[in-house]
Amino acid sequence: MTAISISREVSPKRRKLKKIGVFTSGGDAPGMNAAIRAVTRAALANKLKVVGIRRGYQGMIEGDFIPLKTSDVSGILHLGGTMLKTARSEEFRTSEGRRKAYEQLKKAEIDAVVVIGGDGSFTGALVMSQEYDISFVGIPGTIDNDMYGTDYTVGYETALNTVVEAVDKIRDTARSHGRIFFVEVMGREAGLLALTSGIACGAEVILIPESTEQNDELNRFLKKGYKSKESSGIVIVAEGDPCGGAMCKAEEVRKAHPDLDVRVSILGHIQRGGSPTAKDRVNATRMGVAAVDALLDDQQSVMIGITNEKIVLVPFNKAVKLNHCIDTDLIALHQLLNR
Ligand code: F6P
């Protein structure tokens, strides 16, 4: 682990910052507003001015900026989504787009920026900071929890609870009809949301990219799980699983077992919404304050992480390149309880 733990003490080389920007980028996640609020209030408490950059990098290119004061971030801590909106920007992938973005930051006299997003957002910040004299510090905001160097990304915990609530409801109808449900969960190429929610819901089978035994598990369940028409089952499928997703897997099972009553539920974007849980709010708030501290300590191109409940700094070039390794003990635990 290359993360560096920081204390709350101020480093002697307090940087002369006057104004910082903050924006959200990539897929939104519950808790982003809590992070925006913490960044804004921590910066104001340190006598910095704060500019909200709307709509991610595209808004940076267009100069879509709003000054933020304490009252602007009141009453948002509990709201899902992001008050600054977010977007994915093809233009920012071009050097011309990044030049325009830099010109806008300079025109607004922004000295440094807090970027709240995932690996794509941090990659963009890293490239821009290598081309121009602008410092970025990142807060991992994505429901996928796929960032190296942190136990949590803002939004993951809320999404996990959303999936659990949804699957508990699906379980009711599965039991009533004696059906197998294939439930697709987000996470891009990462399977942590699927694995953890599957364990929390008692899913009989969990299909994730990080496990190579999923088909054996599914076949074992189909053979032993269906002694009587009374039985039902939940199969959680990570959207990045090589099986091609819940729809594809269910079709395969229907063909192989025409006697089974199979249904599919793609949870989709409800996993991205909702009021953030207390844990997500506290994590986002801690990371927001730490991000301002890091900028004042003249840190740049680092992500704020939380490992073992402690704030750590993870260099962008590690956070975006290395993978958040899934806990294989969790995979073994699920297999033990579903033999
Ligand atoms: O990265 C967060 C995420 O929700 C992924 O889990 C999902 O695959 C993707 O975003 C969906 O992207 P979009 O909102 O652009 O459809």
Side-chain angles (χ1 to χ4, degrees), residues 23-35 54-59 79-93 115-125 138-167 182-198 200 206-210 236-249 264-277 280 283-284 287 303 305 316 319-324 326:
F23 73 107
T24 47
S25 172
D28 67 312
M32 281 187 163
N33 280 322
R54 293 166 39 83
R55 296 181 298 114
Y57 287 115
Q58 195 54 41
L79 298 179
T82 161
M83 67 169 276
L84 292 176
K85 312 291 180 213
T86 181
R88 294 186 167 97
S89 170
E90 286 309 313
E91 189 178 2
F92 189 78
R93 292 172 183 273
V115 44
I116 304 166
D119 53 357
S121 307
F122 295 167
T123 302
I139 293 173
T142 167
I143 66 167
D144 302 345
N145 199 10
D146 56 353
M147 295 301 301
Y148 170 83
T150 182
D151 295 340
Y152 298 107
T153 55
V154 171
Y156 165 70
E157 230 254 349
T158 304
L160 177 59
N161 287 353
T162 299
V163 172
V164 168
E165 278 168 39
V167 174
F182 287 79
V183 182
E184 187 168 297
V185 169
M186 280 185 164
R188 215 180 281 276
E189 286 84 41
L192 190 60
L193 191 55
L195 177 60
T196 315
S197 58
I206 305 172
L207 305 182
I208 56 174
E210 296 89 346
I236 298 282
V237 186
E239 63 176 346
D241 187 82
C243 76
M247 203 65 88
C248 171
K249 203 64 196 172
V264 176
S265 192
I266 311 272
L267 296 186
H269 285 69
I270 61 163
Q271 298 164 89
R272 289 258 288 275
S275 178
T277 61
D280 261 335
N283 286 346
M287 288 173 166
M303 175 192 82
F316 275 167
V320 301
K321 279 211 191 87
L322 301 174
N323 290 326
H324 178 120
I326 209 159

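Computed from a predicted model, the values in this text were never measured in an experiment. Whatever order the structure lists ligands and atoms in, that order sets their numbers, starting from 1. Values reported hereafter were calculated over all heavy atoms of this structure, with side chains retained and with hydrogens, waters and symmetry mates removed. Sequence positions, counted from 1, serve as the residue numbers for this chain.
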Query raised in the report: Considering distance alone, does some N or O of Met186 sit under 3.5 Å from an N or O of ligand 1?
Result: no
Query raised in the report: Any donor-acceptor pair under 3.5 Å linking the side chain of Asn33 with the backbone of Gly81?
Result: yes
**Report entry** Protein residue, atom and distance nearest to atom 9 (C) of ligand 1, heavy-atom basis
**Finding:** Arg188 NH2, 3.7 Å
Query raised in the report: Going by the atom numbers of ligand 1, which of them fall below 4.0 Å from some non-hydrogen atom of Arg88?
Result: 10 (O), 12 (O), 13 (P), 14 (O), 15 (O)
Query raised in the report: Ignoring hydrogens and geometry, is there a side-chain-to-backbone donor-acceptor pair from Thr86 to Gly56 under 3.5 Å?
Result: no
Report task. With heavy atoms of His269 as the reference, note each atom of ligand 1 found under 4.0 Å away. Result -> 13 (P), 14 (O), 16 (O)
**Report entry** Donor-acceptor pair between Thr277 and Asn161 side chains, under 3.5 angstrom
**Finding:** no
Query raised in the report: Hey, looking at atom 3 (C) of ligand 1, which of Arg272, Glu239, Gln271 has the closest heavy atom?
Result: Arg272
Query - Non-hydrogen atom of Gly187 closer than 4.0 Å to ligand 1 - result: yes
Requested in this report: Answer yes or no: is there a donor N or O on one side and an acceptor on the other, between the side chain of His324 and the main chain of Met147, under 3.5 Å?
Outcome: yes
Report task. Using a 4.5 Å cut-off on heavy atoms from C-beta on, say whether the side chain of Thr162 contacts that of Ile270. Result -> yes
Query raised in the report: What class does the angle between the rings of Phe122 and Phe316 fall in, given that below 30° is parallel, 30 to 60° is tilted and above 60° is perpendicular?
Result: parallel
Query raised in the report: Any idea which protein heavy atom is nearest atom 1 (O) of ligand 1, and the distance to it?
Result: Asp144 OD2, 2.8 Å
